Amino acid sequence: MRMNEFDRAAWNSFAGCEPWSGERETLPLIGEGRFENGQRYCLVLDRTGGCLMVENDLVNDFGGRCLEMAFPSQAAARAFAIGIGEPV
């Protein structure tokens, strides 16, 4: 799955995300797309885990579907996203 670093719009939508720190602070990642049924989704990965928001999903009102799995680096989060592939 293709992920991009946060931009201003992503920070406005997911202000509670945490960047990775180190030699160079690295930003959280965000990926967006559509499932085969046409519903849009947004996946956010940061230092503390992930969040999946799906269009018209009532779970979004409670923070979306959470992935409680800390990523030690942005590279690890990106590798996770590549590993899961494009959601269907």
Side-chain angles (χ1 to χ4, degrees):
M1 173 172 189
R2 182 176 166 81
M3 302 293 285
N4 298 304
E5 286 191 336
F6 265 33
D7 59 12
R8 181 172 295 239
W11 275 120
N12 290 337
S13 298
F14 299 97
C17 286
E18 296 186 27
W20 291 272
S21 58
E23 242 180 71
R24 175 180 89 84
E25 186 174 279
T26 50
L27 299 173
L29 299 171
I30 187 168
E32 300 175 277
R34 289 189 183 272
F35 292 120
E36 287 180 345
N37 66 5
Q39 279 184 300
R40 296 187 63 183
Y41 66 85
C42 175
L43 176 65
V44 173
L45 301 175
D46 74 353
R47 186 179 67 77
T48 65
C51 175
L52 175 66
M53 307 289 278
V54 178
E55 183 178 44
N56 299 321
D57 188 348
L58 296 177
V59 176
N60 294 343
D61 294 342
F62 303 98
R65 299 177 186 280
C66 295
L67 172 64
E68 295 182 26
M69 182 176 91
F71 294 104
S73 66
Q74 186 192 68
R78 199 176 291 278
F80 172 82
I82 292 168
I84 63 171
E86 290 297 323
V88 293

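Residues take their numbers from the sequence shown, with the count starting at 1. Since the structure is predicted, the reported quantities are computational estimates derived from the model, not experimental observations. Side-chain atoms are counted along with the backbone in the values below, which use heavy atoms only and exclude waters and symmetry mates.
Ring orientation note: the planes of F80 and F71 are tilted relative to one another, at an angle of 30° to 60°.
The hydrophobic cluster containing I84 also contains F35, counting ILVMFWY residues as joined when their side-chain heavy atoms lie under 4.5 angstrom apart, directly or transitively. Under the 4.5 Å side-chain heavy-atom criterion for Ile, Leu, Val, Met, Phe, Trp and Tyr, L43 and M53 are members of distinct hydrophobic clusters. Under the 4.5 Å side-chain heavy-atom criterion for ILVMFWY residues, a single connected hydrophobic cluster contains both M69 and W20.
In terms of heavy-atom proximity, W11 sits nearest to C17 at CZ3-O, 3.5 Å. When all heavy atoms are compared, the tightest approach of P72 to A76 is CD-CB, 3.8 Å. The minimum heavy-atom distance between E32 and R40, with the atom names listed, is OE2-NH2, 4.1 Å. Of all the heavy atoms in N60 and E55, the pair that sits closest is ND2-N, 4.5 Å.
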> Given the rule in the side chain to side chain contact (heavy atoms under 4.5 Å, CB included) test, do D57 and R65 qualify, once you have shown the distances and angles that lead to the verdict?
Replying inline: CA-CA 10 Å; D57 188 348; R65 299 177 186 280; 2.9 Å; yes
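Contact of the C42 side chain with the F14 side chain is registered, since non-hydrogen atoms from C-beta on lie closer than 4.5 Å. Using a 4.5 Å heavy-atom cutoff, the side chains of R47 and Q74 are not in contact. Counting heavy atoms from C-beta on, the side chains of Q39 and R34 never come closer than 4.5 Å.
For the pairing with V44, the side-chain contact (heavy atoms from CB on, under 4.5 Å) check across L52, L29, I30 returns one residue only, I30. Under the side-chain contact (heavy atoms from CB on, under 4.5 Å) test applied with P28, the options T48, L45, D46 reduce to a single match, D46.
How far CD of E25 is from CD of E18: 10.5 Å, rounded to the nearest 0.5 Å.
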